[in-house]
Protein chains: 2
Amino acid sequence: MKKKKVSIYDIANRLEISSSTVSRALNDHARISEKTKLAVRRVAKELGFEKNHLASGLITNKSFTISIIVPAVNRNFFASAITGIEKVASENGYTVLICQSHDQYEREVKLIDTLIINRVDGIIASLAINTEEFDHFRKAKNAGIPVVFFDRVCHEIEDTFKIVVNDFNGAYLATRHLAEQGFKRIAHIGGYQSQNIFRERLAGYKKGLSEFNLPFDEGLVRYCALNTDDGTKLTEELLQLKPRPDAIFCANNLTAISALAYAMDHNIKVPEALGIVGFSEETVSSLLKPAITSIRQPSEQMGKLAAQKLLEEIDAESSDNMDYTEIELRTELIVRASSKLE
Amino acid sequence: MKKKKVSIYDIANRLEISSSTVSRALNDHARISEKTKLAVRRVAKELGFEKNHLASGLITNKSFTISIIVPAVNRNFFASAITGIEKVASENGYTVLICQSHDQYEREVKLIDTLIINRVDGIIASLAINTEEFDHFRKAKNAGIPVVFFDRVCHEIEDTFKIVVNDFNGAYLATRHLAEQGFKRIAHIGGYQSQNIFRERLAGYKKGLSEFNLPFDEGLVRYCALNTDDGTKLTEELLQLKPRPDAIFCANNLTAISALAYAMDHNIKVPEALGIVGFSEETVSSLLKPAITSIRQPSEQMGKLAAQKLLEEIDAESSDNMDYTEIELRTELIVRASSKLE
DNA sequence: TAATTTTATGCAATCGGTTGCATTAGAATT
DNA sequence: AATTCTAATGCAACCGATTGCATAAAATTA
């Protein structure tokens with residue numbers, strides 16, 4: 001049984017004033033004298049008063065809770081984004097509800113429903129890999145709940161902030177780097193093209209190729225859910241092609257790691273016989289032998305920005321005058337052993 | 001601006017009955033006729049009614065929210081425990097609030113305060129590595145909020161459920177395995193001994209040694225926070241000893257991965273010149289070359305159990321008749337290349 | 001000193017459900 | 001037909017904080 005807690009009425013009784021005065025004093029209302037405010041604060045502290053958010057939320061129609069929906073929390077990129085979001089949120093007195101879609105569209109839809117019912121004040125989301133339809137987010141918007149997308153964003157809904165990195169450029173940097181190292185047949189393990197970011201990464205890959213006059217060959221490209229199983233299977237497929245590709249640019253890091261594992265299993269020397277570059281970093285990227293070259297994304301920064309934009313929108317009186325820009329951050333190429341031919 | 005929503009009063013008006021009847025009908029109260037219930041449900045659906053949890057929570061003093069506090073969400077063990085907790089929680093209509101202590105005692109204390117203020121219905125926690133004092137958890141208990149510990153548990157507070165694995169046995173299995181493979185000088189990178197699980201793992205290690213008549217040598221043991229930096233530094237220290245250890249049993253997986261990385265950097269062949277075994281699995285454990293032998297923990301199962309026990313305690317009228325057992329699950333040795341001499 | 005303004009506080013309704021107790025209508029019993 | 005019982009529903013208080021409006025007290029002005 002949860003204990004009864006100290007309420008503003010207890011403070012009011014003790015000081016023989018009304019509860020409205022206590023409420024106003026605690027909220028630092030201008031119409032309350034300094035003397036009363038001090039007294040109220042003192043007694044509040046004395047009794048160990050803690051505001052009941054349920055009660056104030058009921059009347060102000062706010063929960064001071066925002067929610068994050070990500071595919072999975074155990075990927076480094078999302079974990080650091082979450083860390084960034086949490087920092088900004090807690091600074092502003094918000095609690096953060098973390099939800100995992102496990103990259104399943106159906107779960108994402110259900111989660112949004114739950115969040116609407118629970119009246120969260122805002123939602124930050126990165127789409128499940130198979131989400132191609134966005135009515136659930138529109139439903140949230142219609143319920144008056146602001147939505148901010150990051151990384152895997154939805155362009156179909158225009159009145160939302162979007163925080164992305166320059167995926168095109170990142171992929172271009174990665175591919176160019178491989179070409180500069182002298183690799184000639186550069187394959188690509190990409191994500192399903194339903195997600196914009198993976199289309200961008202494919203486009204950047206193409207640009208990287210063409211800049212070095214390397215032909216784009218659809219046969220060297222594979223699309224998948226970017227998990228380890230896919231990575232292993234598709235690496236095998238690619239490496240059985242004749243002639244064999246001499247490098248792979250992977251659209252995420254898990255597939256890059258599985259590509260590396262596959263190569264080593266089959267005595268294919270990395271980077272001599274196969275150059276590998278990944279996208280976004282895992283904690284272990286630098287620990288693997290050879291360490292994996294990768295595109296670093298400012299994940300925590302993205303999280304912070306997403307949270308800031310969301311709070312901005314929550315605080316705005318009406319969302320009519322919102323300037324819904326898409327914010328694009330820069331990526332960085334981190335060269336490690338898996339792609340360096342010297 | 002959040003939109004006004006349909007309330008039970010809207011349903012009551014439409015049907016020209018009282019709000020209490022609507023409330024009871026929706027809660028399937030025995031005293032309401034089937035006919036009325038059906039009508040209420042129909043209209044509720046028609047109008048798109050969604051119960052306001054703030055309002056009902058205010059009066060029932062429940063939030064239908066439970067919270068998890070873990071050191072970090074981006075470790076595989078915690079991520080799967082969270083997944084387990086979420087499954088059980090959502091089946092029972094609870095929302096899960098995930099918090100990260102980032103392995104810092106101070107943050108853990110703050111988080112608990114926030115949770116108490118937010119009136120969560122229960123807390124599931126795995127301690128920060130430097131938590132040696134538990135008043136914050138007692139405070140939660142005193143506020144009437146049940147606490148369940150898992151993995152890194154607190155034995156000082158007796159009236160809580162605790163879900164653990166047999167750390168002693170896991171460590172014993174790991175060490176015995178190394179000894180069986182013929183390794184003679186087995187070192188140990190352990191966690192700070194403030195945490196019970198790391199004391200257990202050390203004890204299991206000792207038993208494994210003694211069973212094979214290998215002497216326990218304090219000089220071969222190091223204690224740390226078990227992050228990658230510590231792992232790298234301490235591996236270096238250990239490998240510079242003369243005579244050099246020929247195997248390392250690491251108390252977690254991150255340190256095992258860094259030990260492997262260090263060895264490969266310095267041309268020390270694994271497993272021939274150095275056997276490595278870790279504790280608990282990361283997604284990449286099996287992808288590394290050589291793949292790392294490890295102790296597998298039933299992490300999702302632990303999460304499920306923790307959630308079940310917590311809900312049990314929440315539902316119990318008074319906590320007097322709770323049977324606070326410590327539940328111990330089994331670990332399993334997964335032998336991979338990093339320790340197999342053949 | 002009376003009238004007016006300013007400042008500080010209280011009253012009471014409200015948010016949206018829940019619940020103990022009272023009430024009504026209808027069925028069952030005598 | 002009168003009485004008792006039961007099933008179904010309504011009344012109204014309540015959870016704890018917020019807030020528009022009223023009012024009292026103090027300060028200022030005429």
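Protein chains get the first letters and strands the later ones, always in sequence-line order, with residue 1 at the start of each.
Sorted by first and then second residue, the salt bridge (Lys or Arg N to Asp or Glu O under 4.0 Å) pairs involving residues 76-98 of chain B (not counting sequence neighbours) are B:K87-B:E300.
In this structure, CG of A:L26 is placed 15 Å from P of D:dG16, rounded to the nearest angstrom. Rounded to a whole Å, the CD1 atom of B:I117 is 15 Å from the C1' atom of D:dG16. In this structure, A:K35 places its NZ atom 14 Å from P of D:dA25, rounding to the nearest Å. Rounded to whole Å, atom C1' of D:dC15 lies 16 Å from atom NE2 of B:H53. Here C:dG17 presents its C1' atom at 15 Å from CG of A:N118, a figure rounded to the nearest Å. As rounded to whole Å, 15 Å separates atom C1' of D:dG16 from atom CG of A:L47. For B:K62 and C:dT19, the NZ to P distance is 12 Å, given to the nearest whole Å.
Looking at A:S63, its side chain does come within 3.5 Å of a backbone N or O of A:R119 through a donor-acceptor pair. Remark: the backbone N or O of B:L127 is not paired with any side-chain donor or acceptor of B:T131 at under 3.5 angstrom. Side chain of A:T325 to backbone of A:I327: no donor-acceptor contact under 3.5 angstrom is found.
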Counting primed atoms plus P, OP1 and OP2 as sugar-phosphate and everything else as base, spell out the protein contacts along nucleotides 9-16 of chain C at 4.0 Å heavy-atom distance: B, S or - for each nucleotide, 5' to 3'. BBBB-BBB
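Classified by interplanar angle (parallel below 30°, tilted 30° to 60°, perpendicular above 60°), the ring pair A:F149/A:F137 is perpendicular.
Separation of the B:F134 and B:H155 ring centroids does not fall under the 6.0 Å cut-off.
For B:S23 and C:dG17, the shortest distance from a side-chain N or O to OP1 or OP2 is not below 4.0 Å.
Among the protein residues, A:N61 comes within range of no part of the nucleic acid, since none of its heavy atoms lies under 4.0 Å from any strand.
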